[in-house]
Amino acid sequence: MRETQQLRLMQLASSSLPVGSFTWSQGLEWAVESGWVKNVDEFARWQTQQMERNFFTVDLPLFARISRACEQDDIVAARRWTAYLLACRETRELRAEERNRGAAFTRLVVDWIADCPSPWRVLMADSQLCGMAWLGVQWRIPLPDLALSLGYSWIESAVMAGVKLVPFGQQAAQRLILALCEHFAQGMIQALQCPDENLGSATPLAAIASARHETQYCRLFRS
């Protein structure tokens, strides 16, 4: 059983999972265009800030709250925290990314678990985090394991965007993934336990970059 859970986690973290992760740069494309991120070291600082001031203070703590709501079959609480998550997405593009990935992940969930209740299907379409939380409960995967899978997927997608945009090579990319994963592992548990009063993003430059990207003349990424 444990082996099956681990294999499912690998599948959820895989770059081949068809949720559109690699079509979004979360503002990085404009940050590179504007000269805010010019090389691999600046990218590393940029992505570390996104992790510390957004992923650790928005995504992971809200993922923990949504997971608890799924465990208790409390769709009201899950709907509340999913709405909070969308409110923390500061631009039209970031909200579109959240919903598009949610809709894609919902199609997978329904294919895997055909009797997924309709109210949960509707809610999952707003955020991939809700779909992963609900699926984790069905598959009895512990929250920290799910969070690791979620974090790795986010790190890999970001670094692969950096490879195309900054740019830098594959060896540098693998070094970055190692370093960012180590940083993620050190802060993950504390982030999952983040109290309500500390929720919220503190990445204004990323929000500006995402907003400016919406009208960027030439671009590779949807966000």
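In what follows, every heavy atom counts, from backbone to side chain, and hydrogens, waters and symmetry copies are set aside. Everything quoted here is computed from the prediction, not taken from an experiment.
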Quiz prompt | D73 and W120: CA distance, side-chain angles, deciding distance, side-chain contact (heavy atoms from CB on, under 4.5 Å) verdict | solution = CA-CA 9 Å; D73 198 28; W120 284 102; 3.1 Å; yes
Practice problem: Could you state whether I189 and L199 fall into the same hydrophobic cluster, counting links through intermediate Ile, Leu, Val, Met, Phe, Trp or Tyr residues with side-chain heavy atoms under 4.5 angstrom apart? | Solution: yes
Self-check item: Q190 atom CD, over 12 foreign heavy atoms within 6.0 Å
Solution: no
Self-check item: Flag, side chain of S210 to backbone of Q26, donor-acceptor distance under 3.5 Å
Solution: no
Exercise. Determine, step by step, whether R175 and F168 satisfy the side-chain contact (heavy atoms from CB on, under 4.5 Å) criterion, reporting the C-alpha distance in whole Å, the side-chain angles of both residues, the deciding distance to 0.1 Å, and the verdict.
Key: CA-CA 11 Å; R175 287 195 299 270; F168 45 82; over 6 Å; no
Quiz item: Are W154 and L148 joined in one hydrophobic group, where the rule is that I, L, V, M, F, W and Y side chains link up if heavy atoms are under 4.5 Å apart?
Solution: yes
Quiz item: Is any NZ, NE, NH1 or NH2 atom of the basic residue among D126 and R79 found under 4.0 Å from an Asp or Glu carboxylate oxygen of the other?
Solution: no
Quiz prompt | N/O donor-acceptor pair under 3.5 Å between T203 side chain and Q50 backbone | solution = no
Quiz item: If you group Ile, Leu, Val, Met, Phe, Trp and Tyr by side-chain heavy-atom gaps below 4.5 Å, do V19 and I113 land in one group?
Solution: yes
Quiz item: Do E52 and H183 have side-chain N/O donor and acceptor atoms under 3.5 Å apart?
Solution: yes
Quiz item: How would you list, by chain and number, every residue that makes a side chain to side chain donor-acceptor pair (under 3.5 Å) with S34, sequence neighbours excluded?
Solution: none
Quiz item: Would you say the side-chain atoms of T48 pair up with the backbone N or O of A44, donor to acceptor, closer than 3.5 Å?
Solution: yes
Quiz item: Are F55 and L192 linked, directly or through other ILVMFWY residues, by side chains that come within less than 4.5 angstrom of each other?
Solution: yes
Quiz item: Quick check: are there more than 12 heavy atoms from other residues, nucleotides or ligands sitting under 6.0 Å from CD of Q186?
Solution: yes
Quiz item: According to the interplanar angle, ranging from 0 to 90°, do the rings of W112 and F105 count as parallel (below 30°), tilted (30 to 60°) or perpendicular (above 60°)?
Solution: perpendicular
Quiz item: Would you say L108 and I66 are hydrophobically clustered, going by side-chain heavy atoms of ILVMFWY under 4.5 Å?
Solution: yes
Self-check item: Ion pair check, R8 and D145, cut-off under 4.0 Å
Solution: no
Exercise. Please find out if less than 6.0 Å separates the ring center of Y84 from that of W81.
Key: yes
Exercise. Answer yes or no: does atom CZ of R68 have more than 12 heavy-atom neighbours from other residues, nucleotides or ligands under 6.0 Å?
Key: yes
Quiz item: Can V159 and Q47 be said to form a side-chain contact (heavy atoms from CB on, under 4.5 Å), step by step?
Solution: CA-CA 8 Å; V159 171; Q47 207 57 42; 5.7 Å; no
Quiz item: Between R95, R101, R99, which is the residue that forms a salt bridge (Lys or Arg N to Asp or Glu O under 4.0 Å) with E97?
Solution: R101
Practice problem: Would you please test R107 and M124 for side-chain contact (heavy atoms from CB on, under 4.5 Å) and show each step? | Solution: CA-CA 10 Å; R107 290 192 289 272; M124 288 175 198; over 6 Å; no
Quiz item: Thinking salt bridges, do R89 and D59 make one under a 4.0 Å N-O criterion?
Solution: yes
